[in-house]
**Student:** 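The structure is given below, and queries will be raised subsequently.
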Amino acid sequence: LIAVAFLLAAAIVAEAARDDDFEFAQGLVQRKFYDLAKEEFQKIIDDSSRSADARANGELGLALLLKAQANDSKTDSKKTPEEVISLFEEAESRFDKFLSEYTNHPKRDQAKFEVGTLLWGKGDYLTKRIEKEPDKAEGYLKSAEAAFDAAIDLFTQVAEAVEEEVDRLLEDLDDSDPRVLDTEFVMKRARFFRAVSYYYKGLIYPKESEERRGVLSKAVEVIDEFVWDN
């Protein structure tokens with residue numbers, strides 16, 4: 001009995017240590033020790049003895065790390081535009097890997113929202129490059145347009161999915177229940193970023209152009225709708 005108890009305790013301690021590994025890697029990201037954090041997340045991903053959920057969290061953690069790196073690179077004067085864009089694409093690719101491999105993961109909507117904000121950041125960066133590099137303006141505009149369109153689509157997906165979750169919760173809970181309010185906040189946040197994305201998309205087009213006027217008119221419509229609903 002003592003031997004069995006010891007083995008059970010050892011297993012519990014080992015699992016707790018594994019949870020600490022993930023939190024440790026997240027802490028490294030917050031302190032911008034990206035290379036070390038990347039190693040830690042990769043160890044989690046490569047450890048076949050871990051549960052599928054733990055390894056999936058490692059994948060998501062790595063994608064979030066790459067997103068943080070991409071956002072930091074926007075203000076790094078040592079990085080060329082090509083390097084910055086490459087970092088955004090690497091992060092996007094990693095999120096795509098997570099979403100394609102873990103179709104039923106509980107953090108799937110969170111991951112979609114993170115990709116949406118990643119693409120929003122990429123589109124905003126490309127918009128600024130249009131002014132600074134007019135010779136590459138057409139390519140930057142097309143890439144920014146695609147980024148904002150994809151972001152809008154992802155925010156819409158998240159809002160709709162979470163709205164369904166709110167409806168399910170309301171079958172058993174009062175609308176003032178913290179679980180309902182927290183879930184509603186996630187839905188509202190996605191709708192807010194969707195509205196803002198329309199506005200920033202409008203700014204990529206030349207002033208006084210029909211494209212700019214049309215998208216900004218849509219932005220006004222969507223933002224107005226959000227304000228009235230909230």
Side-chain angles (χ1 to χ4, degrees), residues 15 18-74 76 79-126 139-140 142-162 164-165 186-187 189-190 193-194 197 201:
E15 193 59 40
R18 289 181 172 191
D19 289 341
D20 288 344
D21 288 343
F22 184 77
E23 291 174 7
F24 175 60
Q26 286 184 310
L28 289 171
V29 173
Q30 291 170 2
R31 290 163 180 77
K32 301 187 186 298
F33 294 125
Y34 294 133
D35 289 342
L36 290 173
K38 194 175 292 186
E39 289 179 14
E40 293 300 319
F41 282 127
Q42 197 60 55
K43 286 178 186 176
I44 294 171
I45 295 165
D46 294 340
D47 187 353
S48 59
S49 66
R50 292 179 185 268
S51 67
D53 281 347
R55 295 171 74 185
N57 284 333
E59 287 280 6
L60 181 56
L62 185 53
L64 291 168
L65 179 158
L66 293 169
K67 177 186 176 182
Q69 274 190 301
N71 283 325
D72 281 355
S73 72
K74 292 193 296 182
D76 186 347
K79 298 269 186 217
T80 66
E82 290 75 21
E83 289 174 324
V84 175
I85 293 167
S86 177
L87 283 169
F88 272 99
E89 290 175 348
E90 185 182 1
E92 185 182 353
S93 176
R94 202 77 202 195
F95 276 113
D96 286 346
K97 184 176 187 292
F98 173 84
L99 291 169
S100 63
E101 291 184 3
Y102 302 101
T103 54
N104 296 312
H105 197 276
K107 293 182 179 178
R108 185 173 174 80
D109 288 332
Q110 176 192 336
K112 283 186 175 184
F113 180 84
E114 294 290 349
V115 187
T117 56
L118 172 77
L119 291 167
W120 179 89
K122 179 184 177 184
D124 184 46
Y125 175 77
L126 291 166
Y140 284 146
K142 288 182 179 178
S143 295
E145 189 176 49
F148 283 122
D149 283 342
I152 289 166
D153 184 52
L154 284 164
F155 292 136
T156 302
Q157 289 179 36
V158 173
E160 290 176 350
V162 179
E164 291 179 6
E165 178 62 20
V186 175
M187 176 183 69
R189 184 180 63 169
F193 273 89
R194 173 177 177 265
S197 293
K201 180 188 174 185

**Student:** Taking all heavy atoms of Leu154 and all of Gly116, pick out the closest pair and write down the distance.
**Tutor:** CD1-N, 3.8 Å
**Student:** Tell me, please, whether Tyr102 has Arg108 positioned over its six-membered ring: NZ or CZ under 6.0 Å from the ring centre and within 45 degrees of its axis?
**Tutor:** no
**Student:** Please tell me if the side chains of Gln69 and Asp72 come closer than 4.5 Å, counting only heavy atoms from C-beta onward.
**Tutor:** no
**Student:** Which distance, rounded to the nearest 0.5 Å, do you find between the NZ of Lys74 and the CG of Leu87?
**Tutor:** 12.0 Å
**Student:** Kindly compute the distance separating CD (Glu59) from CD1 (Ile45), expressed to the nearest 0.5 Å.
**Tutor:** 4.0 Å
**Student:** Are any non-hydrogen side-chain atoms of Lys67 and Phe88 less than 4.5 angstrom apart?
**Tutor:** no
**Student:** Between the main-chain N or O of Leu36 and the side-chain N or O of Glu39, is there a donor-acceptor pair closer than 3.5 Å?
**Tutor:** no
**Student:** Enter the distance from Phe41:CZ to Leu64:CG here, rounded to the nearest 0.5 Å.
**Tutor:** 7.5 Å
**Student:** Within the supplied structure, the quantity of interest is the number of heavy atoms (other residues, nucleotides, ligands) at a distance under 6.0 Å from Asp35 CG; does it exceed 12?
**Tutor:** no
**Student:** Tell me yes or no: between the side chains of Lys122 and Ser143, is some donor less than 3.5 Å from an acceptor?
**Tutor:** no
**Student:** Testing the basics here: between Phe22 and Gly58, what is the closest heavy-atom pair and its distance to 0.1 Å?
**Tutor:** CE1-N, 4.2 Å
**Student:** Which heavy atom of His105 sits nearest to which heavy atom of Asp53, and what is that distance?
**Tutor:** NE2-O, 4.2 Å
**Student:** How many angstroms lie between CG in Leu119 and CZ in Phe155, if you round to the nearest 0.5 Å?
**Tutor:** 8.0 Å
**Student:** Looking only at heavy atoms, what is the nearest atom pair of Ala91 and Ala63, with distance?
**Tutor:** CB-O, 4.4 Å
**Student:** Closest heavy-atom contact between Ala151 and Ser197?
**Tutor:** CB-OG, 4.4 Å
**Student:** Report the C-alpha separation of Ile85 and Tyr140 in whole Å, then their side-chain angles, then the decisive distance to 0.1 Å, and conclude whether the side-chain contact (heavy atoms from CB on, under 4.5 Å) test is met.
**Tutor:** CA-CA 10 Å; Ile85 293 167; Tyr140 284 146; 3.9 Å; yes
**Student:** Decide yes or no for Val162 and Asp109: does some side-chain heavy atom of the first lie under 4.5 Å from some side-chain heavy atom of the second?
**Tutor:** yes
**Student:** With salt bridge (charged side-chain N to carboxylate O under 4.0 Å, His left out) as the criterion, how do Asp21 and Arg50 come out once you've worked through the C-alpha distance, each side chain's angles and the decisive distance to 0.1 Å?
**Tutor:** CA-CA 12 Å; Asp21 288 343; Arg50 292 179 185 268; 2.9 Å; yes
**Student:** Any side-chain donor-acceptor pair under 3.5 Å between Ser49 and Asp47?
**Tutor:** yes
**Student:** Given 3.5 Å as the limit, does a donor-acceptor pair link the side chain of Arg55 with the main chain of Ser51, or not?
**Tutor:** no
**Student:** Compare all side-chain heavy atoms of Tyr125 with those of Ser73 and state whether any distance is below 4.5 angstrom.
**Tutor:** no
**Student:** Test Tyr34 against every option in Leu28, Leu66, Leu65 by the side chain to side chain contact (heavy atoms under 4.5 Å, CB included) rule and name the one that passes.
**Tutor:** Leu65
**Student:** Does a salt bridge link Asp149 with Lys201, judged by any charged N lying under 4.0 Å from a carboxylate O?
**Tutor:** yes
**Student:** Does the pair Lys142 and Glu145 meet the rule for a salt bridge (charged side-chain N to carboxylate O under 4.0 Å, His left out), with working shown?
**Tutor:** CA-CA 5 Å; Lys142 288 182 179 178; Glu145 189 176 49; over 6 Å; no
**Student:** Please name the pair of heavy atoms, one in Glu40 and one in Ala25, separated by the smallest distance, quoted to 0.1 Å.
**Tutor:** CB-CB, 3.7 Å
**Student:** First locate atom CZ of Phe98, then atom CG of Leu60, and finally report the distance between them rounded to the nearest 0.5 Å.
**Tutor:** 4.5 Å
**Student:** Inspect the contact between Arg94 and Glu90 and indicate whether a charged nitrogen and a carboxylate oxygen are less than 4.0 angstrom apart.
**Tutor:** no
**Student:** In Å, rounded to the nearest 0.5 Å, how long is the span from CD of Gln42 to NZ of Lys38?
**Tutor:** 9.5 Å
